[in-house]
Amino acid sequence: MTRRKEVFEPAEPGHVRIYACGVTPYAEAHIGHARPALLWSVIRKYLQWRGFRVTLVQNFTDVDDKIIQRARERGEDPLALAARYAEQYLDAMRRLGVEEADHYPRVSQHIREIVEMIRVLEQKGFAYAVDGDVFFDVTRFPDYGKLSGQRLEELMAGTRFETDERKRNPMDFALWKAAKPGEPSWDSPWGPGRPGWHIECSAMSLAYLGNGFDFHGGGMDLVFPHHENEIAQSEAYTGQPPFVRFWVHNGLVKMGAEKMSKSLGNVVGIDELLERHPAALIRFLLLNTHYRSPLEFSDQALAEARRGWQRLNGAFVELKAFLRERGADGAPEAEPDRAGLDEAGLRFLASVNETPARFDASMADDFNTPVAIAVLFDLARETNGFRQHLLRRARGVQRAELAVLQRALAVFERLGGWLLGILDERAAAGAGESAQLLGGVMELLLEVRQEARARKDWATADRIRDRLRELGIIVEDTPTGSRWKLAEDATAPGAANRGSGTDA
RNA sequence: GGCGCAGUAGCCAAGGGGCUAAGGCGGGAGUCUGCAAAACUCCUAUUCGGCGGUUCGAGUCCGCCCUGCGCCUCCA
């Protein structure tokens with residue numbers, strides 16, 4: 001509430017309570033929705049990694065003007081339509097690798113709590129009923145405007161739209177709307193009707209998390225009036241501010257210079273994106289910009305992100321393959337034997353060891369995921385360098401050195417894989433029957449090519465590589481054999497597989 | 001009109017009073033290699049939209065201005 005960064009300690013020791021504004025499910029989910037969902041799932045994992053218990057609640061506003069309108073256009077039941085799109089959203093999130101929240105409360109399931117809250121607000125004199133509608137009287141709440149930095153007088157003066165003349169003040173907002181014919185409605189002390197826009201988040205967050213919970217999230221576009229109104233009605237209701245300790249507002253995803261939004265019709269669906277790109281890449285793109293900054297989405301941005309991501313993910317995939325080839329891709333040994341390490345090994349060990357602390361420091365500073373990713377880039381560079389060092393050295397790889405590499409792999413898996421979800425070995429491997437078949441065929445082809453190379457039959461070896469390149473498959477030779485991957489422009493899910501090759 | 005957010009290298013993007021302004025992409029020069037690619041090494045911002053001010057010291061704080069965006073009506 002200070003509009004600044006502060007040192008965080010949860011209100012309830014060891015337990016962090018979070019409410020993230022979810023979606024109004026009336027159309028296909030787009031990446032603008034993915035950003036906050038991803039952000040909160042990552043924050044939750046980070047806090048869990050730090051040892052906190054986390055309760056994450058994300059609502060579905062399934063009673064709403066747009067849903068009703070859409071349902072009417074299609075001759076469908078509004079709640080059924082909302083339920084369908086909510087499922088679509090959850091499925092898209094799942095495929096993006098976003099873990100489910102602890103609760104997904106829906107407005108339609110919490111009418112009782114909402115009505116009760118409005119009743120108390122009316123009783124306390126913060127709300128008034130007119131012809132079956134109930135409004136919140138903003139003049140009764142002196143702090144109104146504290147979140148968005150606006151003053152009531154200015155808001156009143158700046159009113160440029162027609163207001164309902166039954167309101168006492170232009171800025172008063174609806175808590176309850178009287179039923180209109182054909183709309184879903186519920187009984188209430190003011191007659192049949194449905195909740196206004198802001199009240200559901202107050203009622204449901206208080207029901208699931210209690211007053212004074214730690215974080216409340218949502219897009220920048222919700223600061224005013226949605227969150228401002230939530231504060232007003234919630235603090236008026238409980239009489240014990242603060243309703244929320246920290247507000248976390250994510251920047252919007254833009255298309256070119258404009259906001260991506262359903263009403264502008266310039267959205268990029270998550271489903272559509274996931275058909276063409278690995279989830280890990282999309283996550284990388286989204287997390288490589290700090291959550292508060294706006295993010296311009298475009299094919300060029302995606303292509304550039306892909307180039308960086310491939311080096312990072314490649315370091316991880318290659319490290320894993322390196323260890324697997326030596327039968328050492330299992331759990332790391334307790335402590336690498338320092339006596340078995342040369343200078344480069346000791347330096348690499350030090351880097352590996354300091355990575356978690358550096359990562360932690362980045363995330364602890366306002367969830368700075370771009371800096372956290374930069375820490376992983378550092379580790380990637382050093383891992384590649386150390387592997388190269390080992391291969392160029394005449395001597396074989398020592399046990400202590402494998403132990404350090406194992407430790408590096410564990411760091412990658414924990415922070416880049418589990419926590420951020422931007423590293424994925426399979427991302428790459430492709431999925432499904434055709435990918436498997438392709439893998440088999442490629443193995444055979446690389447075997448034949450390897451035989452040609454052994455004979456120094458460069459013409460044949462190059463022909464195989466060049467023709468595959470034309471087909472969108474890149475072949476790379478390494479000291480330990482050849483590997484292949486799909487080119488960026490290939491349509492199938494990317495691949496990065498190891499061919500058999502001859503092993504060193 | 002009011003309020004809010006942002007403007008950092010060719011591009012993306014951290015940093016929010018004081019070590020040489022992170023990291024990525026792109027570019028340049030090397031190393032390795034049958035070649036190619038990948039990877040690695042080095043280089044690529046005396047300067048942070050503009051002008052003033054505060055301070056021993058300012059991308060960083062304050063004021064004004066310019067530009068872009070968001071909100072004030074449904075939006076993550």
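Labels below follow one simple rule: chain letters A, B, ... track the order of the sequence lines, proteins then strands, and each chain is numbered from 1. Side-chain atoms are counted along with the backbone in the values below, which use heavy atoms only and exclude waters and symmetry mates.
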Next on the checklist: Base contacts versus sugar-phosphate-only contacts with protein, heavy atoms under 4.0 Å: please encode nucleotides 35-44 of chain B as B, S and - from 5' to 3'.
Outcome noted: BBBSBSS---
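- Aromatic ring centroids of His227(A) and His198(A) lie 6.0 Å or more apart.
- Comparing A13(B), A6(B), G24(B) by their closest approach to the side chain of Pro370(A) singles out A13(B).
- Among the protein residues, Leu222(A) comes within range of the sugar-phosphate backbone only, with heavy atoms under 4.0 Å from sugar or phosphate atoms but none that close to a base.
- Residue contacts for Val223(A): at a heavy-atom cut-off of 4.0 Å it reaches no nucleic acid atom on any strand shown.
- For residues 353-364 of chain A, proximity to RNA chain B is found at no residue, defined as any non-hydrogen atom under 4.0 angstrom from a strand atom.
- Residues passing the side-chain hydrogen bond (donor to acceptor under 3.5 Å, both in side chains) test with Ser351(A), sequence neighbours excluded: Glu382(A).
- Counting any heavy atom pair closer than 4.0 Å across all strands shown, Gly22(A) reaches sugar-phosphate atoms only and no base atom.
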List the atom pairs, with distances to 0.1 Å, where a side-chain N or O of residues 26-35 of chain A and a protein N or O form a donor-acceptor pair under 3.5 Å, not counting sequence neighbours.
{"residue": "His30(A)", "atom": "ND1", "partner": "Gly32(A)", "partner atom": "N", "Å": "2.9"}
{"residue": "His33(A)", "atom": "ND1", "partner": "His30(A)", "partner atom": "N", "Å": "3.1"}
{"residue": "Arg35(A)", "atom": "NH1", "partner": "Gly251(A)", "partner atom": "O", "Å": "2.8"}
{"residue": "Arg35(A)", "atom": "NH1", "partner": "Ser293(A)", "partner atom": "O", "Å": "2.8"}
{"residue": "Arg35(A)", "atom": "NH2", "partner": "His290(A)", "partner atom": "O", "Å": "3.0"}
{"residue": "Arg35(A)", "atom": "NH2", "partner": "Ser293(A)", "partner atom": "O", "Å": "2.8"}

Next on the checklist: Applying salt bridge (charged side-chain N to carboxylate O under 4.0 Å, His left out) to Arg94(A) and Glu100(A), what does each step give before you reach the verdict?
Outcome noted: CA-CA 7 Å; Arg94(A) 186 182 56 69; Glu100(A) 294 214 344; over 6 Å; no
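- Residues satisfying the side chain to side chain contact (heavy atoms under 4.5 Å, CB included) test with Ala461(A), not counting sequence neighbours, are Arg449(A), Arg453(A).
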Checklist outcome for this item: Pairs under 3.5 Å (Watson-Crick or G-U), crossing ones as [ ], inter-strand ones as |: RNA chain B comes out as ((((((((.[[[..)..(....]]]((((((.......))))))....[[[[[..)....]]]]])))))))....
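- Under 3.5 Å, the side chain of Glu304(A) and the base of G24(B) form at least one donor-acceptor pair of N or O atoms.
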